[in-house]
Each structure stands twice: as C-alpha cells, then as structure tokens.
Amino acid sequence: MTIRVNRRTALGLGTVATAGTVLGTAVPASAGDETAPATPAQAARRVAASYARQVEEAGGNWQAYVSVADPAGEPVVAVADEPDRRIEAYSVNKIAVAAAVLDKVDRGLLTLDQRVEVTAAIVVTGGDGMFSLDGAYPSFVTLGHVLANLLTVSDDTAVRLCGLVCPAAELNQILRDKGFPNTQVQPVANPNRFFLGTSTPRETHDLLRALVGGTLLSPATTAFVLRQLRAPVAYTDGIRRVMSSTERARIATKAGWFADARHEAGVIFDAAGAPVLTYALFADGQAGADDYGATHPAVEARARMGRRFLAAVDRLTGTGVTHRPAVQRPSNGG
C-alpha cells in the first residue's frame, strides 16, 4: 500500500531525513548551475533538492532512500521518503533473486557453468528479455547466462529458470538469513516459481550497500553481479540516460516496471570505482501507465535525477571496496 506524495513530503517535511532540505533552505535552480559540492553533506543537500523537484514535477507516489558515502563515518542520508514502507519491488528484486542464487554458488551448491533447460512451458510468452524471442525450444543455457539475462535485460523467463535451482522458500530463507526480512519473493503453488515480491527502499538500499561492501557475496560473485548491472546493455532509460558511456560505466543499476509502477535502484561509483552514492527509488501512480519507455513521467524524472546525482558527487571520494568497471569495447565481428 502506498500514499500519494504531496509537496510537503517531496520537500522533506515529515520524512525521517532529507539532509536539511526544508522550507527556508535555498534550493539551487539546477545541479549544473553551481560548482560541484566538495563535502558529502553538501552533496546530500544537492541530491535532496533534485529529488524534491523531480518528484513534485512527476507527481504520483514516491518512496525512496538515498545516501552519500562519507569517508569520515556513516553515509549521509540525502533522502528518506517513507523508507520503511513495504511495497511491490517488481524487477528491482531480481538483484535479490540473483544474490540468493549466487549465495548457493559461493557455498559450492551450484556453479555458473552448470546447464539449465529452457522448455517451451517455462518461457514467459511475450515477457521482457531474450528467452521469449528464441522460438526454438527446448534448449540449454548455463546458469551464468541465465543470471546475465536476469540482471541486464531483466528477462522474465530467467526468473523461472532461477527458481529451478533455488526454490521460493529457500530463496526467502537465504534473504532472511542475510538480514533482509522484507525483501522476499511471493511463493505460488509451484515451489519452483514465484512472483518477485516486496522490499522497502531502506532494505533495497542496504542490500546494495552490502553487495558493494563485500558482505553479501564473495568477491567473485560480487564482481559478476556488478559487471552485469554496469554493462552497456543494462538499463539506460532512467538514471543512466543522459550520460556518456564512461559515465554509465560508473553506475550499477536495476529498474523494475509493472502496471503503473516504475522503480530503479543502484550505486554510483567515483572515478576510481569506490561506491559514493546509493539510491532506491520507487514510484507509481503517475500518468501513462501503458508507457514502458523513456517518456514515462517517473522515468523522465529519474533521468534528470541521475544527471544531477552524478554531478553532485563528482568531486567526492567513495568509501570501501573499489570495483573498477570492466573494459567494454564495441566489436565489428570477425
């Protein structure tokens, strides 16, 4: 259940914290109009102002949690807009699904090169992704291929293929054991299938922080996830839209869309590859429920936020584990 974000909420009045973005605080006209902030607190205020402006323009319902890394201590909270409201996360929860599967890889119960069968019965006809386009079944793919499709093009059939190796009950238990009781898939009658379920902005944010901090998965499987979420083929309509290819490589992101909901969560890294900003943005109730493209009001709002978020932290140094992006060069075949 969600509530409509009004101007009071969007400007940070009544939220847990929005880095000082309250009435009477100067709000810059544009993130590009001023020198990039030099401190995490300044950056957080810039991020909060951008969020408030875009939420007000897009309308609808928003829940979010955004923080800026601070080398001096805990991250500075920039936006906390109903951060503990449990909501349908849709495909943003594919990160959590991948984390549970890769936890089994880390424990030696699965391998990325083991094969799974793609049957006609398991394909989500007309769903997002690649498997529904094949038109030739059965086929076999590796688990690594399944997860790459899950995290880049957000393949719906890949969810069912993950369920073959990590049933819903086991998946939820893995997430609970890792400290994410609200980030849970929704079981159905078939134990190997599930709907993508729920999360909260704070838990999605914290799961991402755990991922880049190296406490969620092993270094090898962490690198695998981030390689997918930062890939050129990964989602570019929202936060990464108005950016160069080099800038896009600094952002690991995953979007989720269904009905009138348009969500996105991810991490911005500094130039050296250390995480510097983490965001979980959940939105629904805007106009254009049938528009799943880049012109949806919430998606356009996130595109503007992305450009401003990156500018806000561009002079800052991230904290924790460094994750350098993989070198991506176009190929002409051959």
Which heavy atom of Ala311 sits nearest a heavy atom of Pro37, and at what distance? O-CD, 4.1 Å
Counting N and O atoms only, with roles assigned by atom type, does the side chain of Arg241 sit under 3.5 Å from a partner on the main chain of Ala294, one being a donor and the other an acceptor? yes
Hey, are the side chains of Arg302 and Arg262 touching, using non-hydrogen atoms and a 4.5 Å cut-off? yes
Is it the case that atom CE in Met130 sees more than 12 heavy atoms from other parts of the structure closer than 6.0 Å? no
Going by heavy atoms in the side chains, are Val105 and Thr111 under 4.5 Å from each other? no
Indicate yes or no: does Arg107 engage Asp103 in a salt bridge with an N to O separation below 4.0 Å. yes
Indicate whether the side chain of Arg176 and that of Gln173 have a donor and an acceptor atom separated by less than 3.5 Å. yes
Can you find a pair of side-chain heavy atoms, one from Val55 and one from Met305, that are under 4.5 Å apart? yes
Sidechain-backbone polar pair: Arg248 side chain, Arg240 backbone, donor-acceptor under 3.5 Å: yes
Any side-chain heavy-atom pair from Ile268 and Pro275 closer than 4.5 angstrom? no
Side chains of Arg209 and Pro75: closer than 4.5 Å at any heavy-atom pair? yes
Least distance between heavy atoms, Leu211 atom then Thr222 atom: O-CG2, 3.3 Å
Does any N or O in the side chain of His323 come within less than 3.5 Å of the main-chain N or O of Val212, such that one atom is a donor and the other an acceptor? yes
Closest non-hydrogen atoms of Leu150 and Lys254, given as atom of the first, atom of the second and distance, are O-CE, 3.7 Å
So, do Val146 and Val116 sit near enough that their side-chain heavy atoms are less than 4.5 Å apart? yes
Any pair with a residue in residues 103-150 that passes ring pair (Phe, Tyr, Trp, His ring centres under 6.0 Å), sequence neighbours left out, goes on the list, sorted by first then second residue, please. Phe131-His145
Do the side-chain N and O atoms of Thr204 and Ser199 include a donor-acceptor pair separated by under 3.5 angstrom? yes
Which heavy atom in Val242 sits nearest to a heavy atom in Arg307, and how many Å separate them? O-NH1, 2.9 Å
Closest non-hydrogen atom pair, Asp260 against Ala289: CB-CB, 3.9 Å
Using distance alone, with no hydrogens and no angle criterion, decide if Glu264 and Thr253 have a side-chain donor and acceptor under 3.5 Å apart. yes
Asp81 vs Gln63, side chain to side chain donor-acceptor pair (under 3.5 Å): CA-CA, chis, key distance, verdict: CA-CA 5 Å; Asp81 190 349; Gln63 296 84 37; over 6 Å; no
With side chains defined as the heavy atoms from C-beta onward, is the minimum distance between Asp113 and Leu143 less than 4.5 Å? no
Are any side-chain N or O atoms of Ser91 and backbone N or O atoms of Lys94, one a donor and one an acceptor, separated by less than 3.5 Å? no
Do Arg304 and Glu57 pass the salt bridge (Lys or Arg N to Asp or Glu O under 4.0 Å) test, and can you show the C-alpha distance, the side-chain angles, and the key distance before you say yes or no? CA-CA 11 Å; Arg304 291 188 288 268; Glu57 183 173 333; 3.4 Å; yes
Between Asp134 (side chain only) and Ala136 (backbone N and O only), is there a donor and an acceptor less than 3.5 Å apart? no
For Val141, is there any backbone N or O sitting under 3.5 Å from a side-chain donor or acceptor partner on Arg115? no
Can you confirm whether Leu310 sits close enough to Glu247 that some side-chain heavy atom of one is under 4.5 Å from a side-chain heavy atom of the other? yes
How would you list all residue pairs meeting ring pair (Phe, Tyr, Trp, His ring centres under 6.0 Å) that involve residues 67-107, not counting sequence neighbours? Tyr90-Phe258, Tyr90-His263
Can you tell me which residue pairs pass the ring pair (Phe, Tyr, Trp, His ring centres under 6.0 Å) test with a partner in residues 193-250, sequence neighbours excluded? Tyr65-His205, Tyr235-Trp257
Looking at Asp155 and Arg160, is there a salt bridge between them, counting it only when a charged N and a carboxylate O are closer than 4.0 Å? no
Does a donor on one side chain and an acceptor on the other come within less than 3.5 Å for Glu88 and Thr198? no
Can you find a side-chain donor-acceptor pair between Asp106 and Ser218 that sits under 3.5 Å? yes
So which atom in Pro297 and which in Ala58 form the shortest heavy-atom distance, rounded to 0.1 Å? O-CB, 3.8 Å
Donor-acceptor pair, Lys178 side chain versus Leu216 backbone, under 3.5 Å? yes
I need the Glu82 CD to Arg202 CZ distance, nearest 0.5 Å. 12.0 Å
